[in-house]
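Remember, it's a predicted structure, so these values are computed and weren't measured experimentally. Numbered from 1 within each chain, the chains take letters A, B, ... in sequence-line order.
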2 protein chains.
Amino acid sequence: MTSSAEENYLKAIYKLHEKSGNMVTTSALAETLKVSAASVTDFIKKIASKKLVSYEKSKGVKLTDKGRLIAVNIIRKHRLWEVWLVNKLEFKWDEVHEIAEQLEHIISDDLVDHLDKHLGYPTADPHGDLIPDSKGRFAKSNSKPLLECVKGEKVKFIGVADHSNNFLQYLTKNNLSLGDEIMVEAVEEFDNTFTVRVNRKENKIFSKEVVKNLLVAVV
Amino acid sequence: MTSSAEENYLKAIYKLHEKSGNMVTTSALAETLKVSAASVTDFIKKIASKKLVSYEKSKGVKLTDKGRLIAVNIIRKHRLWEVWLVNKLEFKWDEVHEIAEQLEHIISDDLVDHLDKHLGYPTADPHGDLIPDSKGRFAKSNSKPLLECVKGEKVKFIGVADHSNNFLQYLTKNNLSLGDEIMVEAVEEFDNTFTVRVNRKENKIFSKEVVKNLLVAVV
DNA sequence: ATATACATTTAGGCTAACCTAATTATACTT
DNA sequence: AAGTATAATTAGGTTAGCCTAAATGTATAT
């Protein structure tokens, strides 16, 4: 009933809405899905008639509850597969996205259940993104960008806002991993360069661009 | 370049050829792929023009080396995934086929390599079918149907010829698993009913229909 | 309020993989 | 060798998901 194309549209709408909080525009969808705006208009009409989105012509789309459930389920599967790829198959965190994009479309509720159990019911993927439960519910998260922390704050690195391979590889190269403890030693007022102490050992210096994308939780 | 449809056609041609030894007919393909004969003729022309099969009009098709390599690679992936489903995810051997039919089309050589390693480089799937290596080579097998064994022969149960859920469930119900040692106690001449001793413990009685589909190796 | 820019939709087409119905080829029987 | 049954192919059509080009809507600046 639900094709891969449909799942990808719903997932894209979900993520774009999450980012902006607004209705999702045709052009934004065309951009993220790498198809023409005309194709998006076409497709939107189809999924609107299936009550997966509500559509206001020339204004944009919003997911219905039905559409959101499908989208979140795809996200759940994507993140579980990423956990598997990293924890069981020993892939690096910057190598798993494309493979998970394929695996997320495998259809079998049984498989998802067995996989979830095999992985020990993980609550976050290798990038710190929360994994919704099978009913589509997310745990509450109290993360914030390291940029918002002040001198003297002690926090834990629990996720990334930028998922690009470039950023992930930068962090790997600089030996920063999820779970590390970060203590803010100094913040340069002029350009927001942060000096932090990692795991009570070495000091490291990160630019504003970096600390903006490091998500942390107060310990 | 290679679509799922193409992979399924090549795999079907491979398996039908394996079974009959002859050119594969349009009708046999239509039957196994559950599409019309006209669709098969269409598709065959397409893959023939890509040199994946050699096609003699109205006679049938044969895989080229190029086509065979793709087919065997799909079979390799299918069987590796089945091993994973049974050994790591605790599925039963009669529950994995449909899921593996989807997983076999995931495209990533890296994934196959990692999976193979994760599974400890298995040489056979949960039904005893051999897993070809990444170059498409199969190990030599010296299995034969239990039906061909004579009284007094001691063999090991290493595979099934019939992969139907019915047969697999029959074996499960009768507590016969791959690796079991089978000693032929008696063969009823009239109807080929076999009386065998399993693992030097209980005696079991199997009909001709069953022993025909039990593949064994001399120990 | 109108011009300009940009976003969106409509119209018309394409390709992959299927279909049915009609036609042609092959094989089997007598 | 001809007739009949079966298999295979051809012709023409459908659907999903995409495209480009043209037309229409919306927003912004003057």
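Note: B:L178 CG to B:F157 CZ = 5.0 Å, rounded to the nearest 0.5 Å.
The side-chain heavy atoms of A:I131 and A:Y121, taken from C-beta on, include no pair separated by under 4.5 Å.
The residue A:A37 sits close to a base: some heavy atom pair falls under 4.0 Å. Within the nucleic acid shown, A:S39 comes within 4.0 Å of at least one base atom, counting heavy atoms only. Among the atoms of the strands shown, only primed sugar atoms or phosphate atoms (P, OP1, OP2) are found under 4.0 Å from some heavy atom of B:S27. Heavy atoms of A:K59 sit nowhere under 4.0 angstrom from any nucleic acid atom.
The B:S3 side chain lies nearest to C:dA17 when the options are D:dA8, C:dA17, D:dT26. Listed nucleotides: C:dT10, D:dG17, C:dA25. Nearest to the side chain of A:K57: C:dT10. Residue A:T41 has its side chain nearest to C:dT9 when only D:dC18, C:dT9, D:dT9 are considered. With D:dT26, C:dT10, C:dT20 as the candidates, the nucleotide lying closest to the side chain of B:S36 is C:dT20.
Partners of A:R68 according to the side-chain hydrogen bond (donor to acceptor under 3.5 Å, both in side chains) rule, which considers only residues two or more places apart in sequence or in another chain, are A:D65.
A sub-4.0 Å separation between OP1 or OP2 of D:dT9 and a side-chain N or O of B:T26 is present. Dashed line: the shortest gap from a side-chain N or O of A:Y9 to OP1 or OP2 of D:dC18 is under 4.0 Å. Phosphate proximity of C:dT24 to B:S58: absent, as no side-chain N or O sits under 4.0 Å from OP1 or OP2.
Checked by atom type, the side-chain pair B:E90/A:H114 shows no donor-acceptor distance below 3.5 Å.
Whole-Å rounding puts the B:N22 CG to C:dA27 C1' distance at 16 Å. Straight-line distance from the NZ atom of B:K50 to the C1' atom of C:dT15: 13 Å, rounded to whole Å. For B:M23 and D:dA8, the CE to P distance is 12 Å, given to the nearest whole Å. The distance from atom NZ of B:K46 to atom P of C:dA17 is 4 Å, rounded to the nearest whole Å. Look at CD1 on A:I44: it is 16 Å from C1' on D:dA16, rounded to the nearest Å. Taking atom CD on A:E7 and atom C1' on D:dA16, their separation rounds to 15 Å, with Å as the unit. Atoms NZ (B:K45) and C1' (C:dC18) sit 15 Å apart, rounded to a whole Å. The nearest whole Å value for the distance from the CG atom in A:D42 to the P atom in C:dC14 is 16 Å.
Of the two residues contacting DNA chain C, namely B:F43 and B:A38, the nearest-nucleotide position lying further toward the 5' end is that of B:F43.
Below 30°, between 30° and 60°, or above 60°: for A:Y14 and A:F138 the angle between ring planes is below 30°, a parallel geometry.
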